[in-house]
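Position 1 is the first residue of the sequence, and the numbers go up from there.
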Amino acid sequence: MSASIIAIDAMGGDYGPHCIVPASLSCLAEYPSLHLVLVGQVPLVEEIIARYPEVDRQRLHVEHASEVIAMDERPAQALRGKPDSSMRVALELVRNGRAQACVSAGNTGALMALSRYVLKTLPGIDRPAMMAAVPTMAGHCHLLDLGANVDCSAEHLYQFAVMGAVAAETLGTVQPRVALLNVGTEDIKGNQQVKLASNLLQQAAGLNYIGFVEGDGLYRGDADVVVCDGFVGNILLKSSEGLASMISSRIEALFSQSIGSRMIGALALPVLRRLRTELAPAQYNGASFLGLQGIVVKSHGSAGGEGFQSAIRRALIEVRENLPQRLHGRLEHLLL
């Protein structure tokens, strides 16, 4: 298998290099064909790497970047005021062909702004969209946009649907069912943008568009790709994560209330552990920036080591599947 080279923004996220570097080294050990470029402040990154003497330095390089983009920094400031940030340098490695993908847990707005500036969008795409997998009763569903585009026109939703369908197909779903998230499944429901987007999608040859889906239908697995604007998608995703965490905490509390409930909990422990593993946000961490002339995967800023590894794995799949090129090849046939 040919080598895959991924640039890692080692300074991003809530926990910075003390979480990202060990997680990256774990992935390096897991995939023999993986090569990593850790981008950040070299003395700090090397200090952490030194704690892992078994690491294969033939497949690991550290690229210096003197600046760090804060999690609350304005995208415009990150774009204009920090030309040597770890995030920007990692993206430039992709643009210059020294890496095939970039993974960052840093500031989402800054990452999107820099990605568009450094890598540019694919022909026919106005705005990139963030897409991630969400667990459902049937397995998982690809949801986009997750926050990159708060206000969207019908044409933007149409483009998101096309990109989501191609990406889902590339990631293994045959003839993915595409739906628009709406307040009802009837044609008369929804705002003007959603109705117009539905009309556009009905005219798209080669796209398996099935109409509207409500929130409960998303979790039933009624569609493989669900499209909405970034305002709705971000709220939906974070509400889902909060709900899963709340249910897990409530179950633990119920099983610890009495001796009887603790005994029942002990019997149910294997099932509960399996359920927690299947629904854990870390399992699904990693949002793809679709529509760019390069691969960028955004890890949740608060993700721990396991979650960041999931984001690297997602980038690795997209590199192996050559996602931007496959998107480009299919978009010209599907875009209006």
Side-chain angles (χ1 to χ4, degrees), residues 122 124-125 127-149 152-191 193-237 239-240 278-279 283-284 286-291 314 317-318 321 323-324 326-336:
L122 290 168
I125 296 299
R127 301 180 183 180
M130 292 174 62
M131 184 185 81
V134 175
T136 70
M137 293 180 187
H140 67 270
C141 166
H142 298 282
L143 177 65
L144 72 164
D145 179 46
L146 298 177
N149 306 280
C152 297
S153 67
E155 288 75 17
H156 293 143
L157 295 175
Y158 176 84
Q159 291 177 14
F160 298 166
V162 171
M163 291 193 294
V166 175
E169 205 170 60
T170 301
L171 295 170
T173 305
V174 179
Q175 290 189 318
R177 298 162 297 160
V178 180
L180 289 169
L181 187 63
N182 200 0
V183 295
T185 58
E186 301 87 352
D187 290 341
I188 61 170
K189 296 287 183 68
N191 58 31
Q193 288 91 334
V194 169
K195 292 177 183 177
L196 289 173
S198 183
N199 291 335
L200 293 175
L201 289 166
Q202 288 170 14
Q203 302 169 33
L207 196 68
N208 186 16
Y209 175 62
I210 62 172
F212 298 141
V213 67
E214 296 180 83
D216 58 344
L218 184 155
Y219 292 107
R220 281 198 304 269
D222 291 351
D224 301 303
V225 177
V226 173
V227 179
C228 58
D229 64 51
F231 183 85
V232 172
N234 190 271
I235 291 173
L236 176 62
L237 181 68
S239 297
S240 302
E278 290 179 353
L279 298 181
Q283 285 281 103
Y284 298 90
S288 305
F289 280 16
L290 299 181
R314 178 148 192 142
I317 291 170
E318 294 184 12
E321 295 296 333
L323 183 57
R326 292 182 68 168
L327 268 172
H328 177 60
R330 290 288 308 282
L331 287 175
E332 60 183 354
H333 300 295
L334 288 172
L335 288 177
L336 296 175

Taken to the nearest 0.5 Å, the spacing of L290 CG from H142 NE2 works out to 10.0 Å
Which distance, rounded to the nearest 0.5 Å, do you find between the CG of D222 and the CG of D216?
7.5 Å
Any side-chain heavy atom of L143 sitting closer than 4.5 Å to one from C228?
yes
N208: side chain to side chain donor-acceptor pair (under 3.5 Å) partners, not counting sequence neighbours:
none
4.5 Å side-chain heavy-atom contact, N149 and D229:
no
Give a yes-or-no answer on whether the side chains of Q193 and S153 include a donor-acceptor pair shorter than 3.5 Å.
no
From L146 CG over to M130 CE, what is the distance, rounded to the nearest 0.5 angstrom?
5.5 Å
Would you say the side chains of S198 and Y209 form a donor-acceptor pair under 3.5 Å?
yes
Holding to side chain to side chain donor-acceptor pair (under 3.5 Å), I want the full list of residues that pass it with R326, two or more places apart in sequence or in another chain.
E321
Would you name the heavy atoms of M131 and G164 that are closest together and state the gap between them?
SD-CA, 4.0 Å
Is there a donor-acceptor pair closer than 3.5 Å between any side-chain N or O of S239 and the backbone N or O of I235?
yes
With the side chain counted from C-beta on, respond yes when V183 and E214 share a heavy-atom pair under 4.5 Å apart, and no when they do not.
no
Minimum heavy-atom separation for A138 to G221, with atom names?
CB-CA, 4.1 Å
Of all heavy-atom pairs linking G215 and L181, the shortest is N-CD1, 3.9 Å
Looking at P176 and A165, what are the two nearest heavy atoms and their distance?
CG-O, 3.4 Å
Got a sec, which pairs hit side chain to side chain donor-acceptor pair (under 3.5 Å) with one end in residues 179-190, sequence neighbours left out?
E186-K189
For the residue pair R220 / T136, report whether a side-chain donor-acceptor contact shorter than 3.5 Å exists.
no
I need the Q175 CD to L207 CG distance, nearest 0.5 Å.
10.5 Å
Measure the OG-CG distance between S240 and L218 for me, rounded to the nearest 0.5 Å.
7.5 Å
Does L196 reach the side chain of L200, with side-chain heavy atoms less than 4.5 Å apart?
no
Do the non-hydrogen side-chain atoms of V213 and L180 ever get within less than 4.5 Å of each other?
no
Identify the two heavy atoms, one from C152 and one from G230, that lie closest to each other, and give their separation to 0.1 Å.
SG-N, 4.4 Å
Ring-plane angle category for H156 and F160, please: parallel below 30°, perpendicular beyond 60°, tilted otherwise.
parallel
Within the 4.5 Å heavy-atom criterion, are L144 and V225 side-chain neighbours or not?
yes
To the nearest 0.5 Å, atom CD of Q202 lies from atom CD1 of I210 at 12.5 Å
Looking only at heavy atoms, what is the nearest atom pair of A132 and G286, with distance?
CB-O, 4.0 Å
